[in-house]
Structures are given as structure tokens and as C-alpha cells.
Q: 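One structure is given below, represented as C-alpha cells, and several questions about it will come after.
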Amino acid sequence: MSDHRPPTETAPTETPAAEGQAAFAPPGRYDVTITAAAARESALAAGAQHDAAVETDERVRLAGRVMLWRHMGKRLFGQLLDRSGTVQVALFRDDFADPEEYRRLAKGVRLGDFLGVEGVLFVTDKGEPTLGGLDATVLNRAHEPLPDKHAGLVDTDLRYRKRYLDLLANPDSRQRFLVRSALISGIRRWLDDREFIEVETPMLQAAASGAAATPFSTHHDALDRDFYLRISPETYLKRAVAGGLDRVYELGRNFRNEGIDSSHLQEFTMLEWYAAYWDYRDNMVAVRELIVDVLGTVLGTTVVDIDGQQVDFAAQWPEYDYRTLVAEHTGIDLSEVRTVEALKAAISERGIAEDLAEAPSYASLVDLLYKRTVRPSLVAPCYLVHHPAELVPLARRNDDDPTVLDMFQVVVNGWEIVKAYSELVDPVEQEERLLEQVRLREAGDDETMMMEDDFIEAMRHGMPPMSGLGLGIDRLVALATGATTLRDVVLFPQLRQAPGAS
RNA sequence: GCGCCUCUAGCUCAACGGCAGAGUACCGGACUUUUAAUCCGAGGGGUCUGGGUUCGAAUCCCAGGGGGCGCACCA
């Protein structure tokens with residue numbers, strides 16, 4: 001930053017000459033004995049006044065970033081921020097053996113500096129838990145000013161590009177990432193408790209499979225071979241189950257080469273799990289239990305505010321039949337309208353969503369129709385079951401009605417946060433259904449799945465019946481924290497190149 | 001990719017065709033319990049970029065760049 005400035009202009013926070021630097025010699029480490037939150041708690045518990053606290057001589061050392069700094073003659077108050085939160089620190093001149101040392105701290109410390117304070121805990125007359133410093137050390141200086149101390153950082157662009165400032169200046173932002181971490185830990189614990197093991201599968205894949213999406217492609221030089229960044233770990237996790245790891249999960253990034261908006265990122269975090277001998281009904285029960293459990297533990301409530309609406313995840317999740325809902329919203333009965341041509345005709349007949357005419361296949365047209373007409377109306381958590389069989393080539397058909405899948409999604413706020421189904425484990429049918437995908441691709445649908453011979457072969461060696469589930473972590477975190485865009489729950493979201501950046 | 005809105009001091013915002021300002025931060029000073037401390041003083045600007053209209057442009061017009069929202073694609 002400072003090197004972009006003309007040489008004549010002094011950086012706003014720089015003291016004249018190098019006086020500020022010379023006055024403090026930052027050490028390489030500081031022996032911290034207490035966090036801000038623990039200091040507050042401990043000060044309030046003891047309830048000592050300042051003089052009494054100094055008498056007891058129970059010293060603690062705290063380090064953090066200076067967020068506020070008020071100098072008033074012989075007394076000085078500041079606020080330090082560490083990972084646990086903030087606490088007030090106070091320096092009283094009379095506590096310092098060397099008044100000059102007090103003066104240097106009082107005058108020399110700037111907002112944004114890191115400070116280590118050693119002293120005693122007490123409570124001020126106004127009831128504020130405070131660390132009374134008997135000694136303080138500047139641990140490093142800030143050479144650039146922090147964002148405005150009350151308004152924070154509101155420029156959306158800057159909040160994403162300089163997330164470190166957003167985290168410092170906006171407590172809400174900081175809180176969202178603490179919740180994100182706690183939710184993920186909670187999910188791992190829940191799965192570990194149920195004897196799932198965590199595995200990692202390739203992100204570089206020869207065939208991008210497991211979802212209908214456009215992949216990123218890349219190239220391996222030594223092998224001179226193109227790869228795709230995975231769009232889903234699904235077929236690898238099923239191979240792991242075939243190998244006897246019959247309850248597995250993976251929590252990791254998937255990549256989809258598509259547009260960005262408030263509910264989509266090009267790299268997003270998804271949980272996928274596979275449980276042998278379960279079917280989709282088992283997963284409907286399990287995922288609800290997981291979400292209610294983890295939200296309750298982390299937030300202390302299962303009620304979440306969605307656009308001003310109080311939504312309770314612990315309430316009943318209604319179950320809607322996919323085709324029934326589509327029929328209710330469009331008047332089109334998908335069990336009768338079963339070809340692209342017929343569906344296009346039905347859509348244009350009713351004058352709904354006519355711009356969908358471009359859709360290259362029955363499956364994609366059905367999917368678009370649903371997303372346009374039904375999905376936006378689903379706000380409170382609900383299950384959507386029995387999608388038409390054409391939609392997912394990896395899912396098992398329903399025994400009673402083979403035109404639909406043993407499949408469900410959980411939709412909240414018009415966002416799909418969970419997709420799961422009983423897995424197709426019959427290699428003959430699997431091969432046939434993937435070949436159909438290949439045919440559709442050749443006919444111009446570029447979001448079909450690719451053939452994966454190695455996956456078929458794994459299935460030919462035998463796979464237990466199983467059901468897998470995918471849960472969009474970013475979306476769950478956004479719902480849990482009231483974020484209206486996924487970019488608010490990802491630390492460093494991908495943005496366009498900043499102007500002038502190299 | 002298309003449409004609408006937006007870009008002024010490090011940060012948060014005024015000025016909306018007539019001298020570019022405030023708060024905060026930074027610098028100097030006062031102050032013995034502050035809580036966004038308060039008070040006094042100083043410095044800080046190609047108004048995103050490039051064209052145009054005008055006696056005069058931060059302001060109006062055109063093009064470009066960044067961002068937001070909507071639409072489309074997707075989970």
C-alpha cells in the first residue's frame with residue numbers, strides 16, 4: 001500500500017521519522033496466560049477493586065489487537081481483541097515505576113497495534129471487568145489505519161477483498177465464521193459418533209461425475225493428460241463402500257464452472273456420506289436429526305430468521321411429492337407428459353416460463369420448470385421426494401413406480417441444502433443409464449454425466465445396497481447465521497480481479 | 001452474458017451545475033475511572049478511468065473498469 005503513495009505524502013498513521021518504531025522493540029513471542037473472555041469472567045468472579053487487585057499480586061498476561069485507546073492524563077483505557085473476544089485494559093500512571101514508560105505507551109500506541117499486557121484483574125466503578133496493566137509491551141505495530149471504529153467496514157467489495165479488516169471491524173462477520181467452524185466440528189462429531197469414517201477422494205478426476213454440472217478443466221504436465229476438478233466425490237465414495245468401508249463421509253470442496261450469485265459459489269463445501277444397508281428413508285431421518293442436533297448445540301436454538309420469518313428447524317418437515325408439487329404449480333402432470341416435445345408443448349400451452357424452450361433434454365427441462373415454478377415457494381424446511389427417474393442416473397428407481405426415484409431433497413428458503421437417494425448398485429442398469437447420458441450429451445445437452453468404466457467395474461465386483469447424502473455446508477451456515485449471500489460465509493470468496501491488480 | 005443501481009479523504013458519509021466538507025483515524029496539546037470518553041489545534045483530495053457538453057462538471061452525456069441487486073446457468 002504505502003509504496004503506491006507519492007513520496008511527499010506521509011502515511012496517515014506513520015509517526016514523524018521512525019520515532020514510533022524506535023520507541024518500541026517488538027519481541028518475537030509473548031507468554032500469554034489468559035484470553036480476553038477468560039479475563040472478563042475471572043475479573044467479574046473476583047469482583048476486586050483496583051487497589052485490592054494490585055495487593056493480591058495475581059498477575060496474568062494477555063495479548064491482543066488494540067481496538068480502542070483512550071488516554072486521559074494519568075489514566076488510560078483501551079480495549080484488546082483476541083480470538084475469544086474483547087476486554088478492557090487500563091494503565092494507571094501511578095502503577096508504573098517509570099513514568100516515562102507509561103507516557104510512551106499512552107502516547108505511542110495506535111489503534112491496530114498488537115499489545116501484550118501484564119497485570120491484575122479488577123472491576124471498575126462502572127462495573128467493567130478490566131485488566132489493570134503493571135507492564136505492557138508493544139508486540140507489533142499497524143502501519144495502515146483500521147476501518148472506522150464505529151461504522152466498521154461496509155463496502156462490500158472491500159469486505160471480501162480485505163476480509164481481515166472485515167473480521168476485525170465487524171463483529172457479525174467474525175461471529176459467522178466462528179459459527180461456521182462450530183457447525184463443521186459438530187457435524188464431524190455427529191458422524192464420528194455413528195461410526196462413519198472420514199475419507200478423502202480425488203479432486204483431480206479424469207471424468208467429472210456425480211452431478212449434472214460444468215466442470216473446470218486443468219492439465220497434468222508430467223502425464224500430459226487433462227483432468228477435471230471434481231464436481232462431486234460421489235462415485236469414489238461408492239468405490240470406498242464397495243471396498244468395505246461401509247460408512248464413509250467426506251467434507252470438502254467441489255468445483256463447478258458456473259455463474260456466481262447469492263446462493264452459488266464456484267468452489268463450495270459439501271458434506272457427502274454413504275451408509276451401506278441404508279435407503280433414502282433412513283437418510284431422511286438421519287439428516288433431520290443431524291441438522292436439528294447441530295443447530296441446537298451451536299446456536300442454542302433451532303429457530304432461524306430467514307428474511308424476517310422465524311423458521312424452526314425442529315418443527316415437522318413436510319414431505320411433498322415432486323410431481324404433485326409441479327402439477328400444483330403448473331397444471332402439468334409429469335407422469336403423463338414424458339418427452340421433451342410434449343413437455344415443451346404443455347409449457348407453451350399454459351404460457352408459463354416459455355423461455356425454457358432452449359432446454360436440451362426432458363430431465364433438464366423438468367429441472368428448470370421445477371426451479372422456476374416450485375422451488376422459490378419453499379421457505380421452511382421440507383422434503384421433496386420421488387423425482388422423475390430421468391433426473392439422476394445414479395439413483396435407484398422406486399420399486400412400485402419405476403418412473404420415479406427413491407430420492408429426496410431438503411429445501412429451505414428456496415435453496416436445496418440436501419440431496420440424497422438410495423443408490424443404484426446394479427451395474428447393468430447403471431451402464432445403460434450412463435450410456436443414455438452419453439447419448440444426451442451427443443445430442444447437445446452439455447450437463448449430462450460422463451461414462452466412467454472404472455466405476456461400472458467397481459459396481460460389477462459388488463456393492464451393498466446403500467444410500468448417500470450430500471449437504472451444502474455453505475448454505476447451511478448462511479441459513480444458521482442469517483447471511484443472505486454465500487459470499488458472507490466463505491472467508492475469501494472468488495472475485496473479479498481488482499482494477500490495476502497484476 | 002443481459003437489465004437496473006452504485007463508486008467523493010485510510011474508513012463512514014455530505015455536497016447533486018457555481019470555492020470539495022463533516023465524523024472517525026493519524027499528528028500536536030489539555031485532562032486521576034473512561035465505555036464510540038470529552039475539549040482545543042494542525043495536516044490529509046487527479047471526486048474510479050478516458051472522452052464529451054458547458055463560461056464553469058464530483059454533479060449532465062458517452063465509453064471502459066470495480067461492486068451490488070434482478071434475470072439466465074447451477075447445488
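Chain identifiers are assigned alphabetically (A, B, ...) following the order of the sequence lines, protein sequences preceding nucleic acid strands; residue numbering begins at 1 within each chain. Computed from a prediction, not measured in an experiment: that's the story for all the values here.
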Q: Do Asp261(A) and C73(B) share a donor-acceptor pair, side chain to base, under 3.5 Å?
A: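 By the distance-only test, yes, there is a pair.
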
Q: Let's see if you can work this out: which of G10(B), U24(B), U33(B) has an atom nearest to the side-chain heavy atoms of Met72(A)?
A: U33(B)

Q: Does the distance from a Lys or Arg side-chain N to an Asp or Glu carboxylate O, for Glu423(A) and Arg396(A), drop under 4.0 Å?
A: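 Here Glu423(A) does not pair with Arg396(A) in a salt bridge, since their nearest N and O are not under 4.0 Å apart.
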
Q: State whether a side-chain donor-acceptor pair under 3.5 Å links Arg230(A) with Ser209(A).
A: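 Not at all, the side chains of Arg230(A) and Ser209(A) share no donor-acceptor pair under 3.5 Å.
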
Q: With P as the reference atom in both, quote the distance from G50(B) to C5(B) in angstrom, rounded to an integer.
A: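 My reading of the P atoms in G50(B) and C5(B) gives 24 Å.
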
Q: Arg110(A) CZ to G28(B) P: how many Å, rounded?
A: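 So the CZ-P distance, Arg110(A) to G28(B), works out to 10 Å.
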
Q: Pairing of RNA chain B as dot-bracket, 5' to 3': ( ) intra-strand, [ ] crossing, | other strand, . unpaired, with Watson-Crick or G-U pairs under 3.5 Å?
A: (((((((..((((....[..))))..((((.......))))......(((((..]....))))))))))))....

Q: Looking for any heavy atom pair under 4.0 Å, which part of the strands does Leu158(A) touch: base, sugar-phosphate only, or nothing?
A: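 Answer is sugar-phosphate: Leu158(A) comes under 4.0 Å of backbone atoms only.
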
Q: Considering only NZ, NE, NH1 and NH2 on the basic side and carboxylate oxygens on the acidic side, decide whether Asp474(A) and Arg180(A) come within less than 4.0 Å.
A: yes

Q: What are the two closest non-hydrogen atoms of His329(A) and Ser377(A), and how far apart are they?
A: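 Nearest heavy atoms, His329(A) then Ser377(A): NE2-OG, 3.4 Å.
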
Q: Please identify each residue that fulfils ring pair (Phe, Tyr, Trp, His ring centres under 6.0 Å) with Phe196(A), with sequence neighbours left out.
A: Trp273(A), Trp278(A)

Q: Consider the side chain of Lys74(A), meaning its heavy atoms from C-beta on, and name the nucleotide among U33(B), C27(B), U32(B) that approaches it most closely.
A: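 So the nucleotide nearest the side chain must be U32(B).
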
Q: Of the candidate nucleotides C73(B), U12(B), U33(B), which contains the atom at the shortest distance from the side chain of Ala151(A)?
A: U12(B)

Q: With respect to the side chain of Leu111(A), which nucleotide from A25(B), U33(B), A72(B) is positioned closest?
A: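 Looking only at side-chain atoms, Leu111(A) lies closest to A25(B).
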
Q: Think Arg161(A) has a side-chain N or O under 4.0 angstrom from the OP1 or OP2 of G66(B)?
A: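 No, because none of the side-chain N or O atoms of Arg161(A) sits under 4.0 Å from OP1 or OP2 of G66(B).
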
Q: Does a side-chain N or O from Lys149(A) land closer than 4.0 Å to OP1 or OP2 of A37(B), or not?
A: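 Yes.
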
Q: Side chain of Asp157(A), heavy atoms from C-beta onward: which of G66(B), U32(B), U12(B) has the nearest atom to it?
A: G66(B)

Q: If I pick the C1' atom on C2(B) and the same atom on G18(B), what distance separates them, to the nearest angstrom?
A: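 Rounded to whole Å, the distance is 39 Å.
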
Q: Counting side-chain heavy atoms from C-beta on, which of U33(B), C11(B), C73(B) comes nearest to Pro147(A)?
A: C11(B)

Q: Before giving the answer on ring-ring contact (aromatic ring centres under 6.0 Å, His included), spell out for Tyr370(A) and Tyr322(A) the whole-Å C-alpha distance, their side-chain angles and the decisive distance to 0.1 Å.
A: CA-CA 9 Å; Tyr370(A) 149 72; Tyr322(A) 187 96; 5.1 Å; yes

Q: Taking only the C1' atom of each, what is the distance from A14(B) to G1(B) in whole angstrom?
A: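 After rounding to an integer number of Å, I get 37 Å for this pair.
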
Q: Looking only at non-hydrogen atoms, find the nearest pair between Gln437(A) and Pro393(A) and report the distance.
A: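 Scanning both residues completely, I find the closest heavy atoms to be CD-CG, 3.6 Å.
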
Q: Starting at the 5' end of RNA chain B, which residue's closest nucleotide do you reach first, Arg487(A) or Trp415(A)?
A: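 Here Arg487(A) is the residue nearer the 5' end.
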
Q: OP1 or OP2 of U33(B) sitting under 4.0 Å from any side-chain N/O of Arg70(A)?
A: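 It does not, given that no N or O in the side chain of Arg70(A) lies less than 4.0 Å from OP1 or OP2 of U33(B).
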
Q: When you compare G46(B) with A42(B), how far apart are their C1' atoms, in angstrom units rounded to a whole number?
A: 24 Å

Q: Considering only the P atoms, how many Å lie between C71(B) and U53(B), rounded to the nearest integer?
A: 40 Å

Q: Establish, yes or no, whether the cationic atom of Arg163(A) lies under 6.0 Å from the six-membered ring centre of Phe492(A) and within 45° of the ring axis.
A: no

Q: Could you check Asp155(A) against Ala213(A) and say which one's nearest nucleotide on RNA chain B is further toward the 5' end?
A: Asp155(A)

Q: Using atom CG of Asp95(A) as one end and atom C1' of U33(B) as the other, report the distance to the nearest whole Å.
A: 13 Å

Q: In whole Å, I'd like the distance from the CG atom of Leu168(A) to the C1' atom of G10(B).
A: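 Atom-to-atom, Leu168(A) to G10(B), this comes out as 14 Å.
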
Q: Contact class for Leu165(A) vs. all strands (heavy atom < 4.0 Å): base, sugar-phosphate, or nothing?
A: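 The residue Leu165(A) makes no contact with any strand.
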
Q: His386(A): which residues meet the ring pair (Phe, Tyr, Trp, His ring centres under 6.0 Å) condition with it, sequence neighbours left out?
A: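 Expected list: Tyr280(A).
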
Q: Please check the phosphate of A30(B) (OP1 and OP2 only) for any side-chain N or O of Arg75(A) closer than 4.0 Å.
A: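 For Arg75(A), the contact criterion (side-chain N or O under 4.0 Å from OP1 or OP2 of A30(B)) is not met.
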
Q: Under 4.0 Å, counting only non-hydrogen atoms across every strand here, what does Gln409(A) touch: a base, just sugar-phosphate, or nothing?
A: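 No contact.
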
Q: Closer than 4.0 Å, any side-chain N/O of Arg159(A) to the OP1 or OP2 of G67(B)?
A: no

Q: Nearest whole angstrom, please: distance from the P of A37(B) to the CH2 of Trp69(A).
A: 12 Å

Q: Considering only heavy atoms and no angle criterion, is a donor-acceptor pair shorter than 3.5 Å present between the side chain of Asp148(A) and the base of G23(B)?
A: yes

Q: Across the strands shown, which category fits Ala211(A) at heavy-atom distances under 4.0 angstrom: base, sugar-phosphate, nothing?
A: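 It contacts nothing in the nucleic acid.
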
Q: What contact category does Leu76(A) fall into here, base, sugar-phosphate, or nothing, at under 4.0 angstrom with non-hydrogen atoms?
A: nothing

Q: Taking the C1' atom in each of G28(B) and U8(B), what is the distance between them to the nearest angstrom?
A: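 Between the two C1' atoms, the distance is 28 Å.
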
Q: If you check every side-chain atom of Glu128(A), which of U32(B), C11(B), U35(B) has the closest atom?
A: U35(B)

Q: Using the P atom on both, measure U24(B) against C61(B) and round to a whole Å.
A: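 After rounding to an integer number of Å, I get 35 Å for this pair.
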
Q: In this structure, how many angstroms lie between the P atom of U35(B) and the CZ atom of Arg40(A), rounded?
A: 16 Å

Q: Phosphate oxygens OP1/OP2 of G29(B): is one of them under 4.0 Å from a side-chain N or O of Lys107(A)?
A: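 Answer yes for this pair, as a side-chain N or O of Lys107(A) is under 4.0 Å from OP1 or OP2.
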
Q: Is Gly112(A) touching bases, backbone alone, or none of the nucleic acid, heavy atoms closer than 4.0 Å?
A: nothing

Q: Determine if the base of G23(B) is syn or anti; take syn to mean the glycosidic torsion is within 90° of 0.
A: anti

Q: Using the salt bridge (Lys or Arg N to Asp or Glu O under 4.0 Å) rule, take Arg159(A) and Asp155(A) through it: C-alpha gap first, then chi angles, then the decisive distance, then the call.
A: CA-CA 6 Å; Arg159(A) 286 187 45 234; Asp155(A) 184 299; over 6 Å; no

